[in-house]
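Please read the structure below before turning to the comments.
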Amino acid sequence: TVSFMQKINAAILNKRKGFHLCHQVIAAMETQLSNGPTCNNTSNGPSTISNNCSSPVESGSIEDSKTNLIVNYLPQNMTQEELKSLFGSIGEIESCKLVRDKITGQSLGYGFVNYVDPKDAEKAINTLNGLRLQTKTIKVSYARPSSASIRDANLYVSGLPKTMTQKELEQLFSQYGRIITSRILVDQVTGVSRGVGFIRFDRRVEAEEAIKGLNCQKPPGATEPITVKFANNPSQKTSQALLSQLYQSPNRRYPGPLAQQAQRFRLDNLLNMAYGVKSRFSPMAIDGVTSLAGINIPGHAGTGWCIFVYNLAPDADESILWQMFGPFGAVTNVKVIRDFNTNKCKGFGFVTMTNYDEAAVAIASLNGYRLGDRVLQVSFKTNKTHKA
DNA sequence: TTTCATT
């Protein structure tokens with residue numbers, strides 16, 4: 001099934017649809033804020049259910065780092081700085097690395113965050129695992145020690161009985177080693193298994209043994225044998241897609257009326273020269289023109305769109321701002337303003353978002369939102385330094 | 001029929 005956030009992002013991209021899906025954003029958010037981030041994926045941390053009891057290697061051994069985290073399922077456009085900003089809101093970070101394709105430089109959708117204090121690492125797992133950012137639900141877990149032996153341990157499994165559950169799939173494969181992730185692909189409409197799945201083992205040798213033991217074998221009770229092989233590497237697909245894009249006719253990349261595109265392009269260039277604005281524009285294009293005559297653009301701070309959030313509770317923290325605004329689009333930074341002495345929130349904070357469209361939807365949706373017993377006021381930050 | 005991109 002299509003998630004709420006996928007619908008929302010589709011709405012954001014399709015400007016003709018306006019803001020009528022905002023209530024769905026709120027509905028999705030209500031669930032998240034009331035339940036807190038939840039994500040019960042098979043973990044590579046100590047909580048995995050898939051350990052082989054007879055395995056000589058205990059999970060969560062003493063040499064495992066208690067400060068280094070792996071973060072998976074990050075939005076494609078999220079930068080290392082944004083990753084640092086998000087996880088830095090929990091505690092002091094020793095180092096932070098977004099993994100990128102060596103050739104294209106594109107994010108591979110995961111990264112590592114190493115905290116100074118193990119308690120902050122634990123807190124990050126508890127508060128940020130399962131956080132929704134744009135169309136993604138991020139996964140936060142302890143990183144395994146870096147090693148060549150854990151690479152290329154991902155298996156593609158096909159021909160599975162349609163009735164087989166993820167748990168049964170794990171049971172079948174767990175005899176060969178420690179499972180890091182498992183998934184069964186389902187039909188988007190019916191939700192029925194497509195008979196295809198993935199198993200990521202802790203180590204490549206375990207994956208090799210599973211291929212030897214299970215490829216072309218019938219699972220218990222099955223009528224047909226399954227196929228087990230190493231999965232394709234997704235980064236290869238990205239490179240191929242990028243290469244094929246180079247050969248596409250340029251005008252195929254820009255749907256819609258040509259005149260409209262050209263006009264927007266000119267406006268973008270003007271704004272880019274004046275303010276370093278890079279993103280796609282729609283309603284603000286008009287304001288952008290007037291701003292060239294010296295009129296302030298509300299909320300625009302050079303690196304993104306700054307949003308003012310008022311009426312936060314004294315115990316509000318950065319994570320609540322990430323949870324509220326993250327689903328609407330690219331958030332580069334959040335800040336809760338605190339009293340210097342008490343360290344309590346002074347009732348307001350700021351959120352920076354990269355794209356105007358996404359910021360506008362977030363504001364339209366969250367202004368007037370009831371958080372606990374308070375009604376929030378959300379707007380573009382205004383420049384009040386020049387008041388008479 | 002290759003995922004919600006695990007060094």
Side-chain angles (χ1 to χ4, degrees), chain A residues 1-6 9 37-45 48 50 59 64-65 68-78 80 83 95-114 125 129-160 162 166 169 177-204 206-207 211 226-242 326-327:
Chain A
T1 53
V2 180
S3 75
F4 276 153
M5 290 320 302
Q6 286 171 313
N9 272 1
T38 53
C39 191
N40 296 319
N41 294 337
T42 305
S43 160
N44 71 358
T48 178
S50 315
S59 71
D64 285 2
S65 168
N68 198 25
L69 302 179
I70 183 165
V71 187
N72 284 289
Y73 311 120
L74 293 168
Q76 172 62 232
N77 58 9
M78 193 169 191
Q80 182 164 296
L83 184 67
S95 62
C96 173
K97 172 92 188 284
L98 179 70
V99 179
R100 297 177 177 279
D101 185 288
K102 284 188 180 66
I103 295 163
T104 68
Q106 291 282 93
S107 165
L108 295 187
Y110 68 95
F112 298 89
V113 175
N114 193 18
I125 292 174
N129 184 36
L131 177 70
R132 278 197 286 265
L133 292 177
Q134 301 173 55
T135 60
K136 304 287 189 177
T137 301
I138 70 169
K139 180 181 174 186
V140 184
S141 52
Y142 288 110
R144 293 168 290 160
S146 180
S147 157
S149 67
I150 68 173
R151 291 181 54 185
D152 303 315
N154 195 22
L155 295 179
Y156 173 80
V157 188
S158 58
L160 293 167
K162 297 288 195 285
Q166 183 181 348
L169 180 68
R178 175 184 171 200
I179 295 170
I180 300 303
T181 55
S182 69
R183 168 163 292 111
I184 289 178
L185 303 188
V186 298
D187 184 284
Q188 295 250 324
V189 178
T190 66
V192 173
S193 166
R194 291 162 60 199
V196 172
F198 293 86
I199 293 280
R200 179 181 299 279
F201 278 103
D202 182 35
R203 293 177 295 145
R204 183 181 173 89
E206 296 168 337
I211 292 174
I226 61 173
T227 300
V228 183
K229 51 186 179 181
F230 283 107
N232 291 343
N233 189 338
S235 66
Q236 291 165 358
K237 196 174 69 178
T238 301
S239 300
Q240 285 165 10
L242 272 165

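Here the structure is a predicted model, which means the values were calculated and not measured. Only this structure's heavy atoms are used, side chains among them; waters, hydrogens and symmetry mates stay out. Each chain gets a letter, A, B and so on, in the order its sequence line appears, and its residues count up from 1.
Phosphate proximity of B:dT2 to A:Arg194: present, with a side-chain N or O under 4.0 Å from OP1 or OP2. Taking 4.0 angstrom as the limit, A:Asn72 places none of its side-chain polar atoms (N or O) nearer than this to OP1 or OP2 of B:dC4.
Looking at A:Arg144, its side chain never comes within 3.5 Å of a backbone N or O of A:Ile150 through a donor-acceptor pair. Checking side-chain atoms of A:Arg204 against main-chain N and O of A:Arg151 turns up no donor-acceptor pair under 3.5 Å.
A distance cut-off of 5.5 Å between ring centres, combined with a plane angle under 30°, leaves A:Tyr73 outside any stacking arrangement with the base of B:dC4.
Protein atom NZ of A:Lys97 is 15 Å distant from nucleotide atom P of B:dT6, rounded to whole Å. Atom-to-atom, CG of A:Leu160 to C1' of B:dT3 comes out at 14 Å; the value is rounded to the nearest Å. Residue A:Ile70 contributes atom CD1, which lies 11 Å from atom C1' of B:dA5 at whole-angstrom precision. Straight-line distance from the CG atom of A:Leu74 to the P atom of B:dT6: 10 Å, rounded to whole Å. Rounded to whole Å, the distance from CD1 on A:Ile180 to P on B:dT7 is 10 Å. Rounded to whole angstrom, the span from the CG atom of A:Leu185 across to the C1' atom of B:dC4 amounts to 11 Å. Going from atom CD1 of A:Ile138 over to atom P of B:dT6 covers 14 Å, rounded to whole Å. Here B:dA5 presents its P atom at 13 Å from CG of A:Leu98, a figure rounded to the nearest Å.
Looking at which nucleotide of DNA chain B each of A:Asn154 and A:Arg151 is closest to, the 5′-most match is held by A:Asn154.
Across all strands, A:Lys102 comes closer than 4.0 Å to no nucleic acid atom at all (heavy-atom distances).
Here the side chain of A:Tyr156 is nearest to one of B:dT3, B:dT1, B:dA5, namely B:dT1. Nearest nucleotide to the A:Lys136 side chain, out of B:dT7, B:dT3, B:dA5: B:dA5.
Among all heavy-atom pairs drawn from A:Arg200 and A:Asn154, the shortest one is NH2-ND2, 3.5 Å.
The closest side-chain heavy-atom distance from A:Arg194 to A:Val186 is not below 4.5 Å.
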A:Tyr156/A:Phe198 under ring-ring contact (aromatic ring centres under 6.0 Å, His included): CA gap, chis, key distance, verdict: CA-CA 5 Å; A:Tyr156 173 80; A:Phe198 293 86; 5.6 Å; yes
